[in-house]
Q: 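What follows is a structure written as structure tokens; I'll ask about it next.
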Amino acid sequence: MDRLRQNLKKGLVVLLGAFVLLAAYYCYVLFFYGDRWFANSYNPRVRLDAWEPKVIPGDIKDRKGQTLATTAKENRRNPDTNEKQVFYYRSYSEGKQRAKSLAHVVGYNDPQFGRSGVEALQIRYLLGYNNPFYERIYQKIFMTREVGNTLYLTIDADLQQYADDILGKHKGSVVVMDFRTGEILAMVSHPTFNPNKLGEDIAGDALVSRATEGLYAPGSIFKIIVAASALENLENVLEETFDCRGTIEIGTQNISCYGGEAHGQVDLVQAMTLSCNGDFARLGVEVGRAKLLKTGEAFGFNQDFIFPDLKLVASRLPLKPGISNERLALSSIGQGEVQVTPLHMAMVASAVANRGIMMEPKIVYQVVGRNDKAQKEIEPRVYRKTMSEETSQIIHDMMKDVVTHGTGKAAGIKGKQVAGKTGTAEIMDEDSGTRNNAWFIGFVSDDKSNVSIALVLEDMSPGQTGGKAAAPLAGRILKKAVDLGY
Amino acid sequence: MRSIAFVYLSKYWVRIDIKGTNLGKGSGIMPDKNYEILALTMRYWFIGLIIFVVARIILETMGTKKGQNYRNEGPFGHIIFFMVVFLISAFALLAYKGSGVYDIYTAILGLVVGISLILQYNLFRLIFPYSDRLLLIVVDLLAIFGFIMLYRFSPELGVNQIKHFAYGNLGMLFFIFFTKRIRVGRKLGYTIMMVGCILLLLPIVLGKEVYGARNWVSIMGLSFQPSEFVKIILVFVFASWFKHDGGFREHLPAFIFAAISVILVVLQKDLGAALLYFYVFLFVYYMASSDWIITTLALGAAALGSVISYRLFSHVRIRIEAWKNPWRDIENKGYQIAHSLIAISSGGLIGTGLGLGSPQVVPAFKTDFIFATLCEEFGIITGLCIIGLYAIIVLRGVTIAMRSQESYWSLLAFGATVALSMQAFTIIGGVIKMIPLTGVTMPFVSFGGSSMVSSLALIGVLEGVAITVPSLDEDMVDQTHETDGEGDYEEWID
């Protein structure tokens, strides 16, 4: 009987433990994921009711107050009752070009097509679910229809449209951020669609928000992470030199520099400036899988990004134990199975500019209630510390060199020091042979400006490298941002 | 005095209603603005009551001194009173829902049920002064949540559930006396094993498929779920066979019965029940024997069984996939869990307000997923409180087992506790996506007669064990021999 009592105590611990676990999981998961679940476009509770909406969704405006989305109404014949009735619908920025440039960021809210973008994720503000009790009661008593709150985004619609213009007919994406606060100033994905005409034929991949959902091989821009890992883990790495003969053999894998060009004797700074694949393949193997993975994770790779403002697909750095040196080398130059989103790369560039501190990306600038009363203001938050300040300073200087006399010259703007890194990832395509993803990530290295950028052009022909195709476009967008005062 | 106040309140509402306009009846009509305002306001009242009652229950449980007699606990009158206030005010609010007409029947029903609960509690206290009354209070509170939610879905469901609760109380009474008076020895043991097997064969022979499982039988207009009742038989069989340190050969009949029951419910595709039987076996057997070898073997068998069923049954694979990522195939496989999670997150801390949520969107909202709809309308805090209430059942159940002087009663009480708590854990864990979803009901809350009666029967077992303790304390010799109901009972000597 005594033994039984002892066992019963164990049993009690196990059973109670199960319930403690249950309660802990319940709280954890609701705290971190609750808002996302609620904002899911399959949640019928927040569906826009065209004929009898209980709440009229609020406006979406950019940081300067230009209206990006509003609820419009007109008289239409209701097919159910066959009577003329007021029809409510969401209407997006005037001007096809502007509406299209903002389509992925603002998203859409349509009874038939569902919700996406800010329209989906911030629906609780737009429908006034965050209103205090007395405000809800007041609206129910005194107003025929309740109204939602106005949402101000961190987006600058002018910069957004400019970036959209610059991208032109290319497929790809641009993200412009304020690296000190994490505010997203522009976020364009191409191809795009017209949110005012969802019924029209929309190409299959036009609905994909490439900036946050598009996974690309990063190519040479991943060298920033390898360099950070080498600087933090290897001694005297800055003094070492490497003899680049245009190609290097790692195991059975031949890794060659772009165009097979031999860079000769290079140190780390020169290797970065010239984007020498051989040196970085060697460095990646030397640093080793575990440490490279650790640095990668410090930069946000393999992390489930849980940001309150936007959904961001996790970037992949699959360095599993037992990985071969060949594949490790390939990963170190951003090829192989490494995959990143443009927004994440903008965050990486921002982290370098912001002394190693990566800020949480923000898109909601302000929520303003019915009486122009601010209910929520943006609060910049540190997402994670990616590297030491010294490391970030060294990489910062390297990235300046890349733009002053390296592969990224085309990104330079007059009177401002730009820092950046180009990247060209080769994609084997069965139909069209080798295609390039051309990358540029960087920032304005200046006390007055806080802009960083990530730009990717996909499906480029072989000659169109990051330095040739992406860098000039990025430079023009950065110049516009500087002109606009960011 | 208080009831008069509420009748008066009802009259007042009726008067309001006469002035108001009749918007016409029909469930399709959205709740009108007045109701919305009322429900929004009353959220605070409800959450206050819930927190107060649950906090009192937890504090009373924490405050119990070791070795304290259950009779000396309390008083708990105020707890049951505030629970009833919660019930009555919720029904008073529901009476106003749906149309402009104040439905006096609903309000009166709330009042009647409330008074009946007070009566039930006090009668129970009088008849069984040594019973664990706080346990009954917890059960009543969980049942009240069920009544309110089900009545809010449709009055018919609510009334039926109240009936189930009444039958369940009879079942509980029966099992209190059964546990106290009759010991299950070998003869009775084999008989109930036979009954159990026949019960489990019924649905395979006569049953019809509901939600992919074939675990219901309908005999003479009475449909029930045999697997719910076999749970009770298992608890008795295990207690009876494992009370001695008998070694493998002596325990064998119980092993075989456990294996047969699990196989039979798996054949019915009722994986929830299979899992539950397994938990009960595992816990009770280990408690009794401290036998690592068989426990590990059983765990291994269960692991193998789950792998095989994963390979064999497509519905198991679908469950696992839906658990891993319900959002990927939200329109088919992930539908249930995704909508459950959306519902839970739609209420916020204190809920949307009673009647203002959209429970109809969640599949099986009145049975398996009632937790999700409760969270939506009463809030995340209430969900936490409900998890806490089940934890209190664990705490008090195991305490009853530990206080008991004999291993038979100890194991009986522990088995009943495991059956109830693991069932709650399985379904809540499944609904919040912590573990793969297996369809079991949420004890005392979910709609269903079989579930309610069997859960209350298990509470009857617990209370039956609880009331044997003081009689043993006071005059040990007389009572132990009196309760000897079966011939082959042997005195257990520690």
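Every chain is numbered from 1 and lettered A, B, ... according to where its sequence line falls, protein lines coming before strand lines. These values consider heavy atoms only, across backbone and side chains, with no hydrogens, waters or symmetry-generated copies.
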Q: One thing to verify: whether B:Glu376 and A:Arg45 come together as a salt bridge, which I'm taking to mean a side-chain N less than 4.0 angstrom from a carboxylate O.
A: yes
Q: In Å, rounded to the nearest 0.5 Å, how long is the span from CG of A:Asn40 to CH2 of B:Trp327?
A: 5.0 Å
Q: Any side-chain heavy atom of A:Leu21 sitting closer than 4.5 Å to one from B:Met434?
A: yes
Q: Measure distances from B:Val361 to the heavy atoms of chain A and classify the residue's part below 4.5 Å as side chain, backbone, both or neither.
A: side chain
Q: Report yes if some heavy atom in the side chain of A:Lys54 is under 4.5 Å from a heavy atom in the side chain of B:Glu36; otherwise report no.
A: yes
Q: Heavy-atom distance under 4.5 Å to chain A: side chain of B:Val284, backbone, both or neither?
A: neither
Q: Count the heavy atoms of every other residue, nucleotide or ligand shown that sit under 6.0 Å from CZ of B:Arg328, and state whether that count exceeds 12.
A: no
Q: Using 4.0 Å as the upper bound for N to carboxylate O, is an ion pair formed by A:Glu146 and B:Lys33?
A: no
Q: I'd like to know which of B:Thr399, B:Ile428, B:Asn34, B:Ile435 tops the heavy-atom pair count under 4.5 Å against chain A.
A: B:Ile428
Q: Rounded at 0.5 Å granularity, tell me how far CD in A:Gln139 sits from CD1 in B:Ile37.
A: 11.5 Å
Q: Which bit of B:Ala401 is near chain A, if near means a heavy-atom gap under 4.5 Å: side chain, backbone, both or neither?
A: both
Q: Checking A:Val46 against chain B: side chain, backbone, both or neither under 4.5 Å from a heavy atom?
A: neither
Q: Answer with side chain, backbone, both or neither: which region of B:Tyr279 has an atom nearer than 4.5 Å to a non-hydrogen atom of chain A?
A: neither
Q: Look at B:Cys375, B:Ser290, B:Ser410 and state which one has the largest set of heavy-atom pairs under 4.5 Å with chain A.
A: B:Ser290
Q: Check the angle between the aromatic planes of B:Tyr390 and A:Phe19 and answer parallel, tilted or perpendicular using the 30° and 60° thresholds.
A: parallel
Q: Would the number of heavy atoms belonging to other residues, nucleotides or ligands and lying under 6.0 Å from CZ of A:Phe113 be above 12?
A: yes
Q: What about the rings of B:Tyr335 and A:Tyr42, do their centers lie closer together than 6.0 Å?
A: no
Q: Heavy atoms only, distances under 4.5 angstrom: which of B:Ala424, B:Gly348, B:Gly383, B:Gly357 has the most pairs with chain A? Name it, please.
A: B:Gly383
Q: Got a second to check how far A:Leu16's CG is from B:Leu395's CG, nearest 0.5 Å?
A: 5.5 Å
Q: Measuring from atom OG1 of B:Thr417 to atom CG of A:Leu12, what distance do you get when rounded to the nearest 0.5 angstrom?
A: 9.5 Å
Q: When heavy-atom pairs shorter than 4.5 Å are enumerated against chain B, which of A:Tyr129, A:Phe133, A:Tyr33 gives the highest number?
A: A:Phe133
Q: Tell me whether the count of non-hydrogen atoms from other residues, nucleotides or ligands lying under 6.0 Å of CH2 in B:Trp45 goes above 12.
A: no
Q: So which of B:Thr41, B:Val418, B:Thr352 has the largest heavy-atom pair count under 4.5 angstrom toward chain A?
A: B:Thr41
Q: Kindly indicate, with the supporting measurements, whether the criterion side-chain contact (heavy atoms from CB on, under 4.5 Å) is fulfilled by A:Arg136 and B:Leu40.
A: CA-CA 9 Å; A:Arg136 294 180 67 180; B:Leu40 274 176; 3.8 Å; yes
Q: Less than 4.5 Å to any heavy atom of chain B: does that hold for the side chain of A:Arg36, its backbone, both, or neither?
A: neither
Q: At a heavy-atom distance under 4.5 Å, which candidate from A:Leu4, A:Val20, A:Leu22, A:Asn43 has the highest pair count against chain B?
A: A:Leu22
Q: Using 0.5 Å steps for rounding, measure from the CD1 atom of B:Ile387 to the SG atom of A:Cys27.
A: 7.5 Å
Q: Would you mind reporting whether A:Leu15 and B:Phe283 have side-chain heavy atoms less than 4.5 Å apart?
A: yes
Q: Drop me the distance from A:Leu30's CG to B:Ile380's CD1, to the nearest 0.5 angstrom.
A: 4.5 Å
Q: Let me see the working for A:Tyr26 and B:Leu384 under side-chain contact (heavy atoms from CB on, under 4.5 Å), right down to the final yes or no.
A: CA-CA 8 Å; A:Tyr26 173 77; B:Leu384 207 57; 3.6 Å; yes
Q: Do other residues, nucleotides or ligands put more than 12 heavy atoms under 6.0 Å from A:Arg381 CZ?
A: no
Q: Side chain, backbone, both or neither: which part of B:Ala343 has an atom under 4.5 Å from a heavy atom of chain A?
A: both
